[in-house]
*Asks:* 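Right, I'll just put the structure down here and ask away after.
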2 protein chains.
Amino acid sequence: MYKADQMWVAIDCLVFGYDVQEEKLKVLLFKRKVDPFSGQWSLIGGLVNYNEDIYASAERVLKEFTGLEGVFLEQLHTYGKADRDPGGRVISILFWSLIKLDQLFKDTANAHGAKWFDIDELPQMVLDHCQMIENGKEKLRFQAKNAPLGFELLPENFTMPQLLRLYQAIYDQQLDDRNFRKKILSTKLLVKQDFKDKSSSKKGAYFYQFDKEKYQELKKKGYHIEFVLK
Amino acid sequence: MYKADQMWVAIDCLVFGYDVQEEKLKVLLFKRKVDPFSGQWSLIGGLVNYNEDIYASAERVLKEFTGLEGVFLEQLHTYGKADRDPGGRVISILFWSLIKLDQLFKDTANAHGAKWFDIDELPQMVLDHCQMIENGKEKLRFQAKNAPLGFELLPENFTMPQLLRLYQAIYDQQLDDRNFRKKILSTKLLVKQDFKDKSSSKKGAYFYQFDKEKYQELKKKGYHIEFVLK
DNA sequence: GCAAAAGTGTTACTGATACACCCATGA
DNA sequence: TCATGGGTGTATCAGTAACACTTTTGC
């Protein structure tokens, strides 16, 4: 119980990561520390402070659990069923975040009692967090084709095969790699680097970087890109 | 001032209507009755009750001001800057609604102290309501091409020219009527009636109805329709 | 018979899909 | 030299865009 007859406003934050080695989408969960349901898996979250913008709350929560700042973070949906939390009347604003997952980062999360779960092997979760993740997956699939969000999930330097596999993980289906390259490159938003990733093949795959500034410019001009679908 | 050091959760509801005669998109506003800013124009809204689902709150607000139930009503975004309301800490969940505007209804709204404004002739509004409407317009434009929302704004029986003009009002641009018809009819979701609207021409235009059930079925099967763009 | 709005088809073009082979390299 | 993953080009198809005239009917 939090406190009778008062409304609480909470932030939950759905953090997606992509493991380039495993080629799997992951979600960050942690073991809830307050009753009810203490000890069960939960999205990272916290209460909004009285003098705090909700977006700042979300940034604070994200930083508390991951140490990260300045990453992709957006509001997704607000959950407000009267009985969604048996501990009291809590309205929760869900944010979602996309981050670049690397080994170092996995360790940090671990240290904070958080854990990365495969998106298709999620444990039982508290409250309506399962629903939240469903909504988040839908949004990710939707957004990944209307905006270049994929890049938020990959290292600054990434290869075409990595990008392809990321999209395949998001949509859970095979994509034709020739058409994929054509479409992605036709946006003119990728900058080919002159060095290669030789960790996954003898020939090596060229690294690319995403040209974020150019994208922002185009977006301002009302330009709309349709990224990969099938 | 509402009350110090307590957080309030409010609903605001952005109601769009389309005036078939005037061929204009409208927004429903009312004169705010509480301080601060009492007497100024505002979206319709109210506070969430302690034991009330937020969606039920939105339905209540909508009914209070319009008498309507069972119309299109969806959550849009949550506004939570700490200083957004000088009267206290209020977090507002914005819903949006699309309704069929007719003369009878315009009178009802009037009786409740609400008023319909042309979407491009809006008055000054309280708080961040101008921002809310901007976000709502964007959403309407976006959604109108990804789902058959247009029909929520027209009478049950509508003609092709009416539908065309509605879309033209939403996108604020001319559309080619031959291509428009083709695309709309290719969805197979309109049912031609065998009577005509003779109020706007001597020849008369056939009425159509939107087949909501067929759409729901298709949607369940994962079918996705792209409505008119250009 | 004429004014005013409704209704209809075809062509050109652009972008999407399907598909198979050669390349570079380390072991 | 061979096994492995990286990289490329073309032909077909489908959907979009551009475009102008005929129909109906009340006055």
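As a basis for the values below, the full set of heavy atoms in this structure was taken, side chains included, without hydrogen atoms, waters or symmetry mates. Order of the sequence lines sets the chain letters (A, B, ...), proteins ahead of strands, with each chain counted from 1.
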*Asks:* Give a yes/no on whether any side-chain N or O of Arg165(B) is located under 4.0 angstrom from OP1 or OP2 of dA5(C).
*Replies:*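 Arg165(B) to dA5(C) OP1/OP2: no side-chain N or O under 4.0 Å.
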*Asks:* Looking at side-chain heavy atoms only, is the closest gap between Ile133(A) and Leu43(A) below 4.5 Å?
*Replies:* yes
*Asks:* Figure out the CZ/P separation between Phe195(B) and dT24(D), and round it to whole Å.
*Replies:*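 About 20 Å, once rounded to whole Å.
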*Asks:* Distance check needed: dT16(D) P versus Arg181(B) CZ, whole Å only.
*Replies:*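 Taking atom P of dT16(D) as the reference, CZ of Arg181(B) is at 18 Å.
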*Asks:* Heavy atoms from C-beta onward define the side chain here; which of dT8(D), dG6(D), dT8(C) lies closest to that of Ala205(A)?
*Replies:* dG6(D)
*Asks:* Who pairs with Gln40(A) by side chain to side chain donor-acceptor pair (under 3.5 Å), at least two apart in sequence or on another chain?
*Replies:*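 Here no residue qualifies.
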*Asks:* Measure OH/Tyr206(A) against C1'/dC23(C) and give the value in whole Å, please.
*Replies:* 11 Å
*Asks:* Once you round it to whole Å, what is the distance between C1' of dA18(C) and CD of Gln174(A)?
*Replies:* 15 Å
*Asks:* Below 3.5 Å, can you tabulate the donor-acceptor pairs from side chains in residues 200-210 of chain B to any protein atom, sequence neighbours excluded?
*Replies:*
| from | atom 1 | to | atom 2 | distance (Å) |
| --- | --- | --- | --- | --- |
| Ser201(B) | OG | Gly204(B) | N | 2.9 |
| Gln209(B) | NE2 | Asn157(B) | OD1 | 3.0 |

*Asks:* Using whole Å, what does the distance between atom C1' of nucleotide dC19(C) and atom CG of Asp177(A) come to?
*Replies:* 11 Å
*Asks:* Can you sort out the partners of Arg84(A) under side chain to side chain donor-acceptor pair (under 3.5 Å), two or more places apart, ordered by chain and number?
*Replies:* Asp128(A)
*Asks:* Answer yes or no: are there more than 12 heavy-atom neighbours, outside Lys196(B) itself, under 6.0 Å from its atom NZ?
*Replies:*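 Above 12, so yes.
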*Asks:* How would you summarise protein contacts on nucleotides 9-15 of chain C per nucleotide, using B for base, S for sugar-phosphate only and - for none, with heavy-atom distances below 4.0 Å?
*Replies:* BB-----
*Asks:* Output the single nucleotide from dG6(D), dA3(C), dA16(C) whose closest atom is nearest the side chain of Lys183(A).
*Replies:* dA16(C)
*Asks:* Between Phe151(A) and Tyr215(A), is the gap from one ring center to the other below 6.0 Å?
*Replies:* no
*Asks:* Give a yes or no on whether the backbone of Glu121(B) and the side-chain of Asp118(B) come within a donor-acceptor separation of less than 3.5 Å.
*Replies:* no
*Asks:* For the pair Glu138(B) and Arg141(B), find out whether any cationic side-chain nitrogen is under 4.0 Å from an anionic carboxylate oxygen.
*Replies:* no
*Asks:* Throw together a table of side-chain donor-acceptor distances under 3.5 angstrom for residues 70-79 of chain A, partners on residues two or more places apart or in other chains.
*Replies:*
| from | atom 1 | to | atom 2 | distance (Å) |
| --- | --- | --- | --- | --- |
| Gln75(A) | OE1 | Thr78(B) | N | 2.7 |
| Gln75(A) | NE2 | His77(B) | NE2 | 3.3 |
| Gln75(A) | NE2 | Thr78(B) | O | 2.8 |
| His77(A) | NE2 | Gln75(B) | NE2 | 3.3 |
| Thr78(A) | OG1 | Thr78(B) | OG1 | 2.5 |
| Tyr79(A) | OH | Asn135(A) | OD1 | 2.5 |

*Asks:* With the side chain of Lys202(A) defined as its heavy atoms from C-beta on, choose the nearest nucleotide among dA6(C), dG7(D), dA3(D).
*Replies:* dA3(D)
*Asks:* Give a yes/no verdict on a cation-pi contact between Lys115(A) and Phe117(A), requiring under 6.0 Å between NZ or CZ and the six-membered ring centre and an angle within 45° of the axis.
*Replies:*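 The answer is yes; both the distance and angle limits are met.
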*Asks:* So what does Thr159(B) touch, heavy atoms closer than 4.0 Å: a base, only the sugar-phosphate, or nothing?
*Replies:*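 Since no nucleic acid heavy atom lies under 4.0 Å of Thr159(B), the category is nothing.
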*Asks:* Can you check the Asp197(A) CG to dT25(C) P distance for me, whole Å?
*Replies:*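 Atom CG in Asp197(A) sits about 14 Å away from atom P in dT25(C).
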*Asks:* It should be established whether Lys198(B) places a side-chain nitrogen or oxygen under 4.0 Å from OP1 or OP2 of nucleotide dG26(D).
*Replies:* yes
*Asks:* Check the distance between dG7(D)'s C1' and Phe180(A)'s CZ and give it to me in whole angstrom.
*Replies:* 14 Å
*Asks:* Of all of residues 184-194 of chain B, which get a heavy atom below 4.0 angstrom from DNA chain C, listed by number?
*Replies:*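 Under 4.0 Å from DNA chain C: no residue of residues 184-194 of chain B.
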*Asks:* Looking at the side chain of Lys203(A), which of dG5(D), dT8(D), dT23(D) is the nearest nucleotide?
*Replies:*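 So the nucleotide nearest the side chain must be dG5(D).
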*Asks:* What's the CD-C1' distance between Gln162(B) and dA6(C), to the nearest Å?
*Replies:*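 It works out to 13 Å between those atoms.
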